[in-house]
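A short worksheet on the structure shown next.
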Amino acid sequence: MPELTYLQAISDGLRTEMRADERVFLMGEDIGVFGGAFKVTDGFVAEFGEQRVMDTPLAESAIVGTAVGAAVVGMRPVCEMQFADFISCGFDQLVNVAGKMHYRQGLAVPITVRLPSGGGFSGGPFHSQNPEAWFMHAPGLKVVAPSTPEDAKGLLIGAIRDPNPVVYLEHKNLYRRVRGEVPEGSYATGFDARVARAGDDLTVIAYGAMVHVALEATAPELLDGAAVEVIDLRSLVPLDEAAILASVKKTSKVVVLDEANATCAAGAQVAALIAERGFEDLDGPVVRIAAPDVPIPFSPPLEQAVLPGVERVKEACRDLLAY
Amino acid sequence: MAMAMGIAGSDAADDSVADVSVHLTRADRVELLRTMLTMRGIEQRALNLYRQGRVPGSFYDGFGQEAVSTGATFAMAAEDRICALHRDLAAHVVRGTALERILAQYMGRATGVTQGRDGNVHFGDKDLGVVGMVSMLPDMMLVATGMAMAFKLRGEARAALTFFGDGSTSRGDFHEALNWAAVQRLPVIFVLENNQFAYSTPLAKQWTVEPIERARAYGMPGVSVDGNDAEAVFEAVRAARERAIAGGGPTLVEAVTMRMHGHAAHDDMRYVPAELLAQWRERDPIELQERRLAAELDVAALRAEVQAAIDAATAVALRAPMPDPATATDGVFAEQAVPLGDGRAPWSGFARTEA
Ligand SMILES: Cc1ncc(C[n+]2csc(CCOP(=O)(O)OP(=O)(O)O)c2C)c(N)n1
């Protein structure tokens with residue numbers, strides 16, 4: 001199996017589906033000859049032509065809205081937001097048009113919207129957001145967030161094939177930092193959770209970049225040999241409730257970790273699920289770690305104070321293990 | 001070369017640059033040049049600091065576009081309000097933001113305009129009547145429209161101005177702002193900074209009808225000026241402001257210019273044809289203004305003066321502390337609402353009306 005970066009795996013997933021299915025085409029700002037702000041579609045125009053790798057005007061509402069239109073007449077559009085943050089400008093088409101279409105009219109909207117998200121590099125309040133919860137709250141949208149190159153490819157192919165609008169969160173901080181083996185050819189990863197590391201003493205539930213923080217913070221040598229299970233949610237809608245509850249049953253102690261702002265975050269949904277349906281299995285309070293409810297600041301000391309990091313997670317696990 | 005010959009030349013007839021506005025004194029013209037030199041010097045300094053790893057995040061500048069924010073802001077009164085964007089550093093210089101605060105801003109220091117909360121060009125000094133941009137383009141067109149709406153509601157003789165780029169004309173907010181401002185005849189000036197590219201995207205992929213044509217369709221004048229001549233930009237905005245204050249409504253001013261650097265520091269802009277850049281290099285806005293003043297001004301001395309101010313500001317900014325992490329969650333909500341303050345308005349025309 002070839003080793004790819006997270007970013008290369010995303011490109012590989014797009015390329016694989018475009019080769020296999022001529023209904024698949026891409027839309028976004030500067031994605032054509034330029035290859036995209038992060039170079040995900042570098043070289044795509046040469047292979048697929050400008051029609052299928054479409055440079056759009058600077059118009060997010062139009063990108064999402066025309067994708068909806070193309071989808072309902074049989075295409076499989078994949079939209080790139082230059083940064084996840086700019087999806088706010090396409091919010092209405094995504095939430096109200098795409099998300100509600102099937103429930104209202106029985107009409108499927110198979111679009112994928114790629115959101116380069118997350119902080120950690122002084123992007124400031126408009127280039128660092130993790131907007132997944134906005135879309136979890138909107139019925140009719142699926143929301144996935146890979147943490148590994150293998151899943152980056154598989155979830156993307158799964159998203160493109162899914163008959164529903166799928167919001168695909170790709171964490172910018174993983175693009176070139178994370179490498180891993182990626183199967184060749186076409187495969188779709190299911191929208192369910194995976195056990196990133198098995199353990200019996202405590203569970204950390206995370207997704208996206210925070211899976212790596214969780215794994216690093218809970219290495220056995222950092223926690224007196226405790227065996228910490230790390231669950232990588234991969235999909236937030238649908239949420240793999242069975243996997244979450246099974247792990248809670250096994251370890252009885254849970255830390256829920258989000259990079260997003262804490263209030264109404266994905267982690268809040270997970271914590272609520274455990275409170276409702278895993279209460280009997282708990283041996284301690286459900287602990288949440290997330291960014292406080294502030295815009296993600298630019299200056300490194302401020303940003304580091306806000307974003308959950310290894311130290312904070314390790315301390316929280318240590319405290320909960322001792323509970 | 002042309003410039004050197006102009007300075008040395010006998011009567012320099014071929015090389016002299018005509019004055020565009022009768023409303024500018026010689027001191028005003030020097031001030032325009034000083035402002036452009038300051039913008040360029042600060043951005044070059046910040047770019048060096050970025051390359052040294054002292055400016056976090058990404059780095060945007062307005063190299064080659066200095067005449068636009070310089071000329072436009074120069075035409076605005078102290079009580080007017082401005083939304084400055086990412087190519088418009090001179091707007092802050094004209095309004096009076098201290099240079100050390102701008103450099104500290106780039107470096108994410110506690111003494112920067114946003115105290116490290118936001119980065120690079122995402123700032124505006126509220127005490128000087130400037131609203132800092134958000135990244136979502138061109139959101140500020142609506143904010144400027146709203147400021148103008150309030151001025152009209154209160155019967156005040158004031159105007160608002162916003163900048164925006166060619167790419168930004170494709171967003172719905174562009175339409176909403178122009179239409180709203182025209183329907184309500186608001187005192188707002190929309191300055192389109194047409195720098196030929198939106199990141200890698202050329203104009204041909206952005207529009208088929210010129211924005212100034214579209215302005216007319218909305219019901220406001222659209223005027224196109226040489227965006228590399230600060231005096232031409234000044235004169236167009238001055239006239240637009242006069243109209244706005246007199247109740248004539250909004251104007252769209254297109255400043256035609258060129259983005260001479262990449263979209264941001266990481267961008268080698270391979271997609272820009274070399275000949276195009278070479279053509280525009282001949283039309284540098286600072287060199288133009290220097291030629292205009294060459295006969296009567298010691299340009300080298302002015303440059304040295306500006307550079308000294310930037311050096312001093314750099315030293316101050318470099319000594320400033322980084323923000324205290326304990327303050328990271330402060331300031332999300334206001335305790336009280338204080339409106340924007342007045343800025344500096346150095347144009348001599350204002351001095352006359354106030355005197
Ligand atoms: C709504 C929105 N979408 C995408 C972006 C990402 N982006 C930043 S600058 C830029 C190009 C802007 O072009 P233009 O408006 O012409 O201004 P210029 O940068 O050329 O001055 C893009 C696409 C953005 N800032 N806002």
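Residue numbers begin at 1 in each chain, while the letters A, B, ... track the order of the sequences.
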Considering residues, nucleotides and ligands other than Trp280(B), do more than 12 of their heavy atoms fall under 6.0 Å from its CH2?
yes
Quick one: do Thr201(B) and Leu58(A) satisfy side-chain contact (heavy atoms from CB on, under 4.5 Å)? Show the steps, please.
CA-CA 9 Å; Thr201(B) 308; Leu58(A) 199 169; over 6 Å; no
Just so I know, are the side chains of Phe298(A) and His122(B) near enough to count as touching, which here means a heavy-atom distance under 4.5 Å?
no
Any side-chain heavy-atom pair of Met136(B) and Glu60(A) under 4.5 Å
no
Here the side-chain hydrogen bond (donor to acceptor under 3.5 Å, both in side chains) pairs for residues 285-299 of chain A, sequence neighbours left out, are Thr263(A)-Asp293(A)
Nearest-0.5 Å distance, OH of residue Tyr199(B) to CZ of residue Phe34(A)
4.0 Å
Atom CZ of Arg51(B) with >12 non-hydrogen neighbours under 6.0 angstrom:
no
Please flag which part of Asp267(B) lies under 4.5 Å from any non-hydrogen atom of chain A: side chain, backbone, both or neither.
side chain
Residue by residue, which of residues 61-71 of chain A have a heavy atom closer than 4.5 Å to a heavy atom belonging to chain B?
none
When every non-hydrogen atom of Leu302(A) is compared with those of Pro325(B), the smallest separation belongs to CD2-CA, 4.2 Å
Got a sec: does the CZ of Arg270(B) have more than 12 other heavy atoms crowding it under 6.0 Å?
no
Would you say that more than 12 heavy atoms from the other residues, nucleotides or ligands in this model lie under 6.0 Å from the CD of Gln52(B), or not?
yes
When the 4.5 angstrom heavy-atom criterion is applied to Pro292(A) and chain B, the contacting part is side chain
Options Gly108(B), Ser135(B), Ser58(B), Gly57(B), ranked by heavy-atom pairs under 4.5 Å with chain A, top entry
Ser135(B)
If you count the non-hydrogen atoms of other residues, nucleotides and ligands that lie under 6.0 Å from CD in Glu213(B), is the total more than 12?
yes
Could you tell me whether the side chain of Arg117(B) reaches within less than 4.5 Å of the side chain of Pro125(A), counting heavy atoms only?
no
Is the number of heavy atoms from other residues, nucleotides or ligands within 6.0 Å of CD (Gln44(B)) greater than 12?
yes
Name all residues meeting the ring pair (Phe, Tyr, Trp, His ring centres under 6.0 Å) criterion together with Phe121(A); count only those two or more places apart in sequence or in a different chain, and write none if there are none.
none
Taking Asp330(B), Asp118(B), Thr114(B), Val332(B) one by one, which has the highest count of heavy-atom pairs under 4.5 Å against chain A?
Asp118(B)
Any non-hydrogen side-chain atom of Met322(B) less than 4.5 Å from a side-chain atom of Pro300(A)?
yes
Could you name each residue pair satisfying salt bridge (Lys or Arg N to Asp or Glu O under 4.0 Å) that touches residues 26-48 of chain A, not counting sequence neighbours?
Arg19(A)-Glu47(A)
If you tally heavy-atom pairs under 4.5 Å between each of Arg109(B), Gln206(B), Gln115(B), Met107(B) and chain A, the highest tally belongs to Gln206(B)
Against chain A, label Tyr106(B) side chain, backbone, both or neither, depending on which of its atoms sit under 4.5 Å from a heavy atom there.
backbone
